[in-house]
**Q** 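A single structure is presented below for examination.
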Amino acid sequence: MIDDNTDPERWEPVSIAALPRLKRAAETARAVLRAALDLALPHLCAVCREPVEGEGLCPACWSKLSFISRPYCERLGIPFVYDPGPGILSMEAIADPPAYQRARAAVRFDDISRALVHALKYGDRLDLAPMMGRWLSQAGRELLAEADALVPVPLHWRRHWARRFNQSAILAAAVSKASGVPIAARALKRVKFTAQQVGLSRTQRAANIQGAFRVPRDGKAEVVGRRLILVDDVLTSGATVEGCAKALLRAGARNVDVLVFARVAEAGRTSI
Ligand SMILES: [Zn+2]
């Protein structure tokens, strides 16, 4: 049988302007095919690639994850190596208090959690989101009990376009499903295309993110007087969530907390 599509005579001329659209359509088709295959094939562990039953992490890799639990700084959520007693803040929280009220993370950022985040972000492993969302909900239980809405850290539309989805929005949707707290999808916009934060110093990161986030006019109603939780995949220097929290508070949010999947966590030093 002759496949008509291989006959050059039948190829439609394609304008250069249509190429990005075609590329995107092909990527979407690939993602749909991949999702269909995922239903038929056993999952692979997102970290070690061994076949795994159920969700996308094998028991061996799961046991290597470093979940964060108390004692930690009540403000920043940085784990303490010993228990200094209830309500004690870290030196970092006292010396340089953030705009947001409290931050919580499910796990420490290490090789295992990095592999999970990368699989979700770049590997089309959206099947990991419900599991990661449950861990986030667990870590943020106290925050979620008092919150009006979740605000995913937005991507600039150019990066969103290139990556097809926002991993923070995927995680926020999973947290929303697990906790029942709704998402404020219009609350925050990334208005500045920022360079990747990787490789920048703490000061450079803060400068890079300056003016990057804004509450748009049609997002005000989702922000004013409300208790919000910013959701992101990884917290490194905190510059991104700090920029977001400042924009939300300036627009009239009553309180802003932060919930991330993984955080870089040197052991916190207590103030005593
Ligand atoms: Zn594994």
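Numbering of ligands and ligand atoms starts at 1, following listing order. Numbering of residues begins at 1 and proceeds along the displayed sequence. Side chains included, hydrogens not; waters and symmetry mates left out as well; all remaining heavy atoms used.
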**Q** Of all the heavy-atom pairs spanning Leu76 and Tyr100, show the shortest one and how long it is.
**A** CD2-OH, 3.8 Å

**Q** Between Arg141 and Glu146, is the closest basic N to carboxylate O distance under 4.0 Å?
**A**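 No salt bridge links Glu146 with Arg141.
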
**Q** For the pair Asp110 and Lys64, find out whether any cationic side-chain nitrogen is under 4.0 Å from an anionic carboxylate oxygen.
**A**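 Judged by the 4.0 Å cut-off on N to carboxylate O distance, Asp110 and Lys64 do not form a salt bridge.
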
**Q** Among protein atoms, how many N/O/S atoms lie less than 2.8 Å from the Zn ion (ligand 1)?
**A**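 Count of protein N, O, S atoms less than 2.8 Å from the Zn ion (ligand 1): 4.
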
**Q** May I ask you to check whether over 12 heavy atoms, not counting those of Arg214, lie within 6.0 Å of atom CZ?
**A** no

**Q** Regarding Ser168 and Asp233, is there a side-chain donor-to-acceptor distance under 3.5 Å anywhere?
**A** no

**Q** Which pairs would a plain distance check flag for residues 180-191, meaning a side-chain donor or acceptor within less than 3.5 Å of a matching protein atom at least two apart in sequence or in another chain?
**A**
unit_1	atom_1	unit_2	atom_2	d
Arg190	NH1	Pro154	O	2.9
Arg190	NH2	Thr194	OG1	3.4

